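Only one structure is covered here, and it is reproduced in the block below.
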Amino acid sequence: MAAVVQLEDIHKTYDSGEVQVHAVRGVTLDLHKGEFMAIMGASGSGKSTLMNTLGCLDRPTRGRYLLDGVDISQLDRNELADLRNEKLGFVFQGFNLLSRTTARENVELPMLYGGRHFSVSEMHERAMKCLEIVGLANRADHFPSQLSGGQQQRVAIARALVNQPQVLLADEPTGNLDSKTSVEVMGVFQKLNDEGITIVMVTHELDIAHFCRRNLIMRDGRVVSDLQVTDRLIAEQEMAKLREAESAAKLTA
Amino acid sequence: MRLASTLTVSFRALRRNAMRSLLTALGIIIGVGAVIAMVSIGNGAKSMVEAQIAALGENVLLVFSGSFNQGGARSGAFGAGTLTPDDADAIRREVMTVIAVSPEVRTNAQVLANGLNWSTQILGEGADYLAIRGWPLADGAMFSDADIRSVAKVCVIGQTIATQVFPDGSVIGQTLRIKSQPFKVVGILAAKGLSVQGADQDDLVIVPYTSAMRRVSKQTMLRSITIQASSADTMSLAQNDIIALLRQRHRTSEGTDDFTVRSQVEIAQAATATSNTMTLLLGAIAGVSLIVGGIGIMNIMLVSVTERTREIGIRLAVGAHGREIQLQFLMESIVLSVFGGTIGILLGIGVSELLSRINSWPTLVSTTAVAVAFVFSAAVGMVFGYYPARKASLLDPIEALRYE
């Protein structure tokens, strides 16, 4: 199967004053359709920079990046924006929903931009379908401030899905969530991955990385380990275990 | 992104901060309101001056007796006392382009009727005076040339005199005593109202100028001569002919003239120029507040861009072009200023309406001023919104998303 993402010897150097920061020093990797990869590493390992490059928010200083067969190093700012709009979905650590804007309007946001034009009813319909996928159709008219952290992150996932992207990119999606809610959100990712959606996420939590199929570990801007996960955790089973433990501790009825 | 959805996004953003949007728009509301109100007041004054000039009559020339110099002491205007009824006759006879002439003398006197007395202005005029001025009669008739020749004791009175000394309503044929001499009232003038200066234009009695000179004030010289030219085109010709004729009769030359000839056009121009200057001045002062309002919008938009850096980052990440971000913020400031402009126009109309009611100032809401204020307020939004919008559009998505 053709790779959705092909990175060939990617380098990224930042000019911060007189010092040159070599954040990524030669990363080569292929990502195929239906993969679920976690990028791990300590602070300063270059994982965020790699993620920004994958997300077409930034261009590599050197190397070639083919997204769905398109070489992004040749594209200008607006073409990159269109590519992000059509082929990528973003989930952030801090949810990044627009406040005082309903869940549905937040999900509709990517449809306001890009080359395709949707009618109001079409936008409404597609947003509701994505909210259904993440199980929040009944919260469509709620504002982010009226939703829990986990629910907000699920709205953000719905927003990332609404333009049917090739790759879903998640930057520490569970970073602001408690462990139970993290498992819940990972469950949503696993369900989407089972339906064939390609997902790349950055995390520094080992147990969260265990929910993925492939773990990539970075250090000093290089890939030091790239392994398939053998004993993958299944979110549903983990949730069941947590519930059991909770009822044993009489936390819940 | 289409314009309609940009507009939707802008409206949503403004609604999210309704109070702040309103306060921001307030600068424009007050600015536009002030411009409209000030220009209305200026225009009202101008239209009143114009109406009054028009009330002078059509194609009117006025000859005033000027100042004279006697042994170094110069009299003021109307001081020469060299304008005679013969001059008026000569003008009527010899200047071809003149169709009507009315010699004028003025004096003040106490008038008496029905045991009621009233101090008023007595105008001695020719029989054509009302025709020249285009001043209709409410009742009765103007005195005739025969009355002038016979120095008749007849008069035409203004509305104020009618109400003050003839309270029971029957006026025509009644006797009005002017300086103890009985004058028969032959006509009542139509009401004219107040002048720009606030003087009551209906507080007067008009008598034949001969009667005024011989019976009321014993003067031998005229104050002025009111002349009507045959048409607007012949006015300057008539003016030149009159000047030439009077110089010949008075044996004066340019510089030593003891009279002045003014055309209605000159008077009108001077008066309109004054009120135009006033309107411009008031408008300019109000315009300053409009600019201050615009700076207020720019200030808030800059704050808004900084505050919403993260939102801009999200929009850029999900595929917004810089141009679309720019358009969104530009649209917000235009919506703000146009909203403010619309409310301001209503406020301005309301205020000028109120001023004309309370102070009985004449105001005239000019549609040009409304249109200009509206376009200008939109332009203010565009100009002062451009910089913040441009700033927003140039943000780097990664930086913007990381912004706390």
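Quick caveat: nothing in here was measured; it's all calculated off a predicted structure.
Across A/L57 and B/P397, no two heavy atoms sit closer than the pair CD2-CB, 3.8 Å. Taking all atoms of both residues into account, the shortest heavy-atom contact from B/G319 to A/Y113 is O-CB, 3.6 Å.
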Counting only pairs under 3.5 Å, give me each side-chain donor-acceptor contact of residues 41-53 of chain A, with atom names and distances, residues two or more places apart or in other chains.
| unit_1 | atom_1 | unit_2 | atom_2 | d |
| --- | --- | --- | --- | --- |
| A/S45 | OG | A/A42 | O | 2.7 |
| A/K47 | NZ | A/G41 | O | 3.1 |
| A/T53 | OG1 | A/T49 | O | 2.8 |

For residues 20-40 of chain B, which side-chain N or O atoms pair as donor and acceptor with protein atoms under 3.5 Å away, sequence neighbours left out?
| unit_1 | atom_1 | unit_2 | atom_2 | d |
| --- | --- | --- | --- | --- |
| B/R20 | NH1 | B/E307 | OE2 | 3.4 |
| B/R20 | NH2 | B/E307 | OE1 | 3.4 |
| B/S21 | OG | B/L14 | O | 2.9 |
| B/S21 | OG | B/N17 | O | 2.8 |
| B/T24 | OG1 | B/R20 | O | 2.7 |
| B/S40 | OG | B/I36 | O | 2.7 |

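Around OH of A/Y14, the count of heavy atoms belonging to other residues, nucleotides or ligands within 6.0 Å exceeds 12. Around CZ of B/F376, the count of heavy atoms belonging to other residues, nucleotides or ligands within 6.0 Å does not exceed 12.
Between the side chain of A/R84 and the main chain of B/L316, a donor-acceptor pair closer than 3.5 Å is present.
Partners of A/H142 by ring pair (Phe, Tyr, Trp, His ring centres under 6.0 Å), not counting sequence neighbours: none found.
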Could you please spell out the steps behind the side chain to side chain contact (heavy atoms under 4.5 Å, CB included) verdict for A/R159 and B/I314?
CA-CA 11 Å; A/R159 180 180 66 193; B/I314 299 165; 3.6 Å; yes
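Between chain A and the options B/A317, B/A13, B/G313, heavy-atom pairs under 4.5 Å are most frequent for B/A317. Between chain B and the residues A/N96, A/L88, A/D58, the most heavy-atom pairs under 4.5 angstrom are made by A/N96. Ranking B/R310, B/R308, B/R15 against chain A, the residue ahead of the rest is B/R310, based on heavy-atom pairs under 4.5 Å. The most heavy-atom pairs under 4.5 Å with chain B, out of A/P165, A/S99, A/A160, A/G115, come from A/S99.
Under the 4.5 Å side-chain criterion, counting only non-hydrogen atoms from C-beta, B/R315 is in contact with A/L98.
Going from atom CG of A/L109 over to atom CD of B/E311 covers 8.0 Å, rounded to the nearest 0.5 Å.
B/R12 touches chain A through its side chain: at least one heavy atom from C-beta onward sits under 4.5 Å away, while N, CA, C and O do not.
Identified by a heavy-atom distance below 4.5 Å to chain B, the contributing residues of residues 69-83 of chain A are A/R77, A/N78, A/A81, A/D82, in residue-number order.
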